[in-house]
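Notes follow once the structure below has been shown.
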Amino acid sequence: MEKSKLHDWHVHKVRAFLNRSYALLHVLATTPIFYLRAIYFFGHSNNAVPLLPWLLVSAAEILFFFSWILKQSYYWCPLTRTVFPENLPADEQLPKIDVFVCTADAIKEPTFNVMNTVISAMSLDYPVHKLSVYVSDDGGASVTLDAMKHAWVFATWWLPFCKRYNILPISPKAYFQQHFQQQSYNTHFIQDSKLLKYEEFEERVRSWKERQGGINENNAKGSAKDHPPIIQVINESFVGDDDNVATTNPENIKMPFLVYVAREKRPSHHHHFKAGALNVLQRVSSILSNAPYILFLDCDMYCNDSSSARQAMCFYLDPEINRSIAYVQYPQKFHNINEKDIYDSQMRAIWPIIFPGTDGIQGPILSGTNFYINRKALYGFNISAAGNDNINELRHTFGSSNLLIKSLSQINEPNHSSKFSSDSLKEAQFLATCVYEEDTEWGKKAMAEDVMTGFLLHSQGWKSVYLNPPRPQFLGSATINLNETLIQYCRWTTGLLQLGLSKYCPLFHISPKMPILQRLIYSWVAFFPLDFLPISCFAIIQPLCFFYGIPLYPKVSDPFFIPFAFVFIASHLKHLYETFFCGGSVNAWLNEQRIVVIKGLTCYVYGTLDFVMEKLGIHETTFMPTNKAGDDDASKWYLNGKFDFRTSNMFLVPIVTAVTLNLSSFVVGVARAIVTQSWDTLFAQAFFSFYMLIISLPVIEGMLLRKDKARIPLQTTLKSTLLSWFVLGLGYLIMQSYYWCPLSRTALPENLPVDEQLPKIDVFVCTVDPVKEPTLDVMNTVISAMSLDYPAHKLSVYVSDDGGASVTLDAMKHAWVFATWWLPFCKRYNVLPISPKAFFQQHFQPQSQNTRFIQDFKLLKEKYEEFEERVCSWKERPGDVNDNKAKGSAKDHSPIIQVINESFVGDDDNVATTNPENINKMPFLVYVAREKRPSHHHHFKSGALNVLQRVSSILSNAPYILVLDCDMYCNDSNSARQAMCFYLDPKINQSIAWVQFPQKFHNVNEKDVYDGQMRATWPIIYPGTDGLQGPLLSGTNFYINRKALYAFDISAAGNDDINELRHTFGSSNLLIKSVRQIDEPNHPNKFSSDYLQEAHFLASCVYEEDTLWGEKAMVEDVMTGYILHSKGWKSVYLNPPSPQFLGSATTNLNETIIQHSRWTAGLLQLGLSKYCPLFNTSTRMPILQKLVYSWIVYYPFDFLPNSCFAIIQPLCLFYGIPLYPKVSDPFFIPFAFVFISSHLKPLYEAFLCGGSINSWLNAQRFLVIKNLTSYVYGTLDCVMGKLGLRETIFMLTNKVGDDDTSKWYLNGKYDFRTSNMFLVPIVTAVNLNLSSFVVGVTRAIVTQSWDTLFAQAFFSFYMFIISLPVIEGMLLRKDKARIPLSTTLKSTLLSWFVLSLGYLIVVRR
């Protein structure tokens, strides 16, 4: 394109190439950083850093990277421009210009400075009859109106003086400050200088500061916030009526038009601050001068050079681009900035670096001052197309003023005359009233203020230009004290977030006329205040982790250290280069770094809070004008490079707290690194802390060294120090007590001592019902426990048969016999799994070519088939309790204790032949059926385990116990040795109560429609608890320390404590003796008749009377684990690659719901007992461990909100009642974020656990089902038990499924053969949602209310997807596991009843 004669431009290609190259390197360097952060969450890192700090630092780095990505758009195409005003046409062909100057407070914005800005604007090198200056006085102070008279009079002398001698600067105050003595010896110049009488003008203006200020239009008076409009043209006739003004220039000088505007203000009307004032100026000027171009100036931003108007016209008068140029932006520069510029008030990098980059795309953003703007662009639509046919649209947009509407079509008339008649002024008064904007688009389409206006113009396709001539065109007053600087940035933060978090959000605003890079420009501008999040994170988390020696970065010797070092050093070197490029120094660079941190800790935070509170309606928006009237002390400290800390504690406390925190961490962290020689690990944090120490030096000086009145007050230092100590203490509680870190462990059993030095282990297996818990499966569990890779003489297996069935006792004989063959086979060939049933199901044929193995395999398979036949044949016999001739029912019988060994088995001719080679190398196997009487409560599984504990204490008395459910067989033989790796570690063995292995299941398929494997519990939740005090006790698959179960320090119990021992453990002397012999390594097993007789006594009903059994010595599930943790014991979670135990999961809906109902009732018994975790006062249990238990025991209460959502959500959608914000409302974003993120997290966890989207949907689906059924009925069961309305019952889970059940489960189909008690709530909720979805979506389509009802429609659709298997069971399936038609009809009627009830309650309220 051929370049214009009026202007030229230059693209800095080398700088653009360097910027893009740096950006590429930065992205490449961040890739390994994010990889390192990510692998931590997937468990592939050996890093033992707690989850919370790692997560927060990772999030902070992501936010910084996101902000950095947005900012790169500024560096993409830097461009500079040059103008040639000498090529402009003659003055008569130049368009008119209006100048807008706004002031609000005569105290904070000194009137004399405002008048100098006004005079400088009048002095522009531009035809005076084409120049009009409008001053908006939002403070309505009489001092301003009076000063304008004096300014106009002085201007009659100043303007010809400037023109005659080419005076620079054209602001009289700036000129006379720079020229104390006459710089010319020209006689005429000296005479004219004396005639100016500048000192007299200054004295007249400043003297008004002492008078009573108020609103003044002749005799009209009011307050600054309640007064009528005032429009006053300042000219000779108005000035001549005042005897207090000086004499005007008699040479009849032509003057620009000068107009004073104080718009009407009433408490009942919002005035929209500066934007509202500028809109009034725009309307008033439209009917008075109606210039096509407007110069906007802040009241302190005077014109330094007279040529800015002509320079701007070089773009507006270029026919190639003038139709697309909305505004010409000049940089903001300041006259009161020194080289040190400790507050970075000049925003050094913005104007020479950032803005040239924007000019290479669609143009710079609108900065609020120093720009010439096209009036037509401000009107927001194509005015030239608006004829009489559009009069209604024009009135709706611009209001009812005919003169204003007429002026719209006259903008481009070159000879349009200025009109200052009484009629025009009267109309101007009307345009400045509060009511004029009502029912119009003013403040919406016609807004005139700052970034939002620029964004809207760019969205409509307009372009802008950035012009930075060698000589500053405008100079202003920068803030030179900390308080005003922070207040100013607070205001800017609020304003920018109003764009970023509005419907015009640049990231999502759809405008084909705005390039993507321009959107990124606006996105960075709108969102950079949110940098306070990562800045605050680094200011707290970094020193906190350094203080406690927690590494957040790789070691220096680690290759991953290189990208971290590169990103840190390169990003700071680039900033340093930009500082040098802009004429700064290292000191200036440090000041910029310092103020960025200060802003991130203060004004960005408070500005964001102000915005949020405004959006929530907590308080109204306020406009805090920046105070430009600094005192002498402030100027002195600024010039000396000293911070002026005379500001609110609201600003000081966060700054000083962060500095104190970093200082403490630096001292402690460096000391730790020196003592522990951990420099390699902590170097990065030490260096960062040192860097922050350098940044913080002025604050440290203000705290400790300075004695002047601008120092940091001592009380602020003390408050901040206490707050930093509190943060350190809180960090200790969070990081040291609970690392919030999924912790995985590895056991090294090869390092255990020799077998003879290993402690003994007792195994407890409990069964109740041989029908629901098949005896063959129980025996396979028993045999697998006997097959553990552990010295046989140190292993004892106890089976509690709470059903007292003879089939179980008989089966144990056959199991013992088969085990004599199976155990040597397992040991010889390292067989896996060690459960014979599982082994032969997996290995139909021998997998080895070894001849001996094949022979042994065939022999064992024959033996197993014989064993299976013998056990299963007993199913047909009637079960009863059998101990020789003692018989009784399953709920009323004497205790039975039977050691299963060769002598017992040899008496039975029905058993197979034992292996003669292995009889003496067998673990001890004991059958226990405790006494049951209807008059005694037996406490279910807990009571059975307590009996096993007592009986085993006097027989084998192993110090460690393995507890197994009867269907949970040992899959791998190594679990005992792996557990001993913790119990035999002298550093932790005194504190470990139990080692928990996960529950895994052999019969779960990939679809797992009932979430039987509880996918997220074992790989996600339990590793997290292991980082605290340890995992919960899950009821099975754990090795527990017998001593921990006794619940007090046994070693301290001597003869003096015999009464306490009897009260706790009962009257058995053998049991009390065994309590003291737990730790004896060679304690022999004792199976003599005396011990067996004592064991019968210990298994009787009456033994527990008047003892603490079942209280201190309870053995079952969560309650026991909770009590042990409360006493300070710890636990360990071990999840080896090979599953150590495998069980049978429920594979039908009925049993799964019953199981979860039972668990719900059990958990709530803890939550609603005296042991309630929320109110536990134990000092040995960390607060977060209490929260872990609190969630466990109270999560069943989720049925309350879930039931509410299942009813209220569809009800409101059905009747079109909105519950959530509109999609266009910014408040929709947090709702969407919470919903999406809370569902993405379990989806991520499902993938992490090897699942799929389908398994995630199944988990979500079954969670809803449990909330509508199990949690409700389990809670009712617990409450009724607490109220004494019913006794607690134990609902045993049926592990026997028929072929149909297995077929439907394998095919991913629900088996709906269950009670209507479970089905009706599910089907009712589905019917209710289905009806609401159809009606609600239809309503949204018909009424076009998608914006309002989208959230509810989406939620209903989501529930529809969740409900598909239920809908299939209602309508499509024909098999016998479908939902019965009667149930569907009942539920449909119930859902209609709910809808009708909802109409009466909700709609007809």
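Hydrogens, waters and symmetry mates are skipped; everything else that's a heavy atom, side chains included, is used. Positions are given from 1, in the same order as the sequence printed here. No experiment lies behind these values; they were computed from the predicted model shown.
Side-chain contact of Asn468 with Lys333: a donor-acceptor pair under 3.5 Å is present, judged by distance alone. Side-chain polar atoms of Glu339 and Ser585 form no donor-acceptor pair below 3.5 angstrom. Donor-acceptor pairing under 3.5 Å is lacking for the side chains of Asn587 and Lys340. In this structure, a donor-acceptor pair under 3.5 Å is absent between the side chains of Gln488 and Tyr343. Using a 3.5 Å distance cut-off with no hydrogens or angles, the side chains of Tyr302 and His335 do not pair a donor with an acceptor. With no hydrogens or angles considered, a side-chain donor-acceptor pair links Glu614 and Gln498 at under 3.5 Å. A side-chain donor from one of Ser308 and Tyr372 sits under 3.5 Å from a side-chain acceptor of the other.
Within 6.0 Å of the CZ atom in Arg20, the count of heavy atoms belonging to other residues, nucleotides or ligands exceeds 12. Counted within 6.0 Å of CH2 on Trp76, heavy atoms from surrounding residues, nucleotides or ligands total 12 or fewer; the atom is thus considered open. Heavy-atom contacts from other residues, nucleotides or ligands closer than 6.0 Å to NZ of Lys463 number 12 or fewer.
Tyr293 does not carry Lys376 over the face of its six-membered ring by the limits of under 6.0 Å from the centre and within 45° of the normal. A cation-pi arrangement is present between Lys599 and Tyr489 under the rule of less than 6.0 angstrom and at most 45 degrees off the ring axis.
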Check the pair Asp98 / Arg375 against salt bridge (Lys or Arg N to Asp or Glu O under 4.0 Å), numbers first and verdict last.
-> CA-CA 10 Å; Asp98 289 341; Arg375 186 187 292 269; 2.7 Å; yes
Could you go through the side-chain hydrogen bond (donor to acceptor under 3.5 Å, both in side chains) check for Ser171 and Ser120 one step at a time?
-> CA-CA 5 Å; Ser171 164; Ser120 69; 5.4 Å; no
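In terms of heavy-atom proximity, Phe581 sits nearest to Arg15 at CZ-NH2, 3.5 Å. Minimum heavy-atom separation, Leu124 to Leu131: CB-CD2, 4.3 Å.
Looking at Arg310 and Asp91, a side-chain N of the basic residue comes within less than 4.0 Å of a carboxylate O on the acidic one, giving a salt bridge. Salt bridge present: Arg283 and Glu437 bring a charged side-chain N and a carboxylate O closer than 4.0 Å.
Ring-centre distance between Tyr466 and Tyr330: not below the 6.0 Å cut-off. Annotation: Phe455 is in aromatic contact with His509 [ring centroid separation under 6.0 Å]. Separation of the Tyr379 and Phe398 ring centroids falls under the 6.0 Å cut-off. Aromatic ring centroids of Phe315 and His7 lie under 6.0 Å apart.
Using bins of under 30°, 30° to 60° and over 60° for the plane-to-plane angle, the ring pair Phe371/Phe296 lands in the parallel bin. Using a 30° and 60° split on the angle between ring planes, His12 and His10 fall in the perpendicular class, above 60°.
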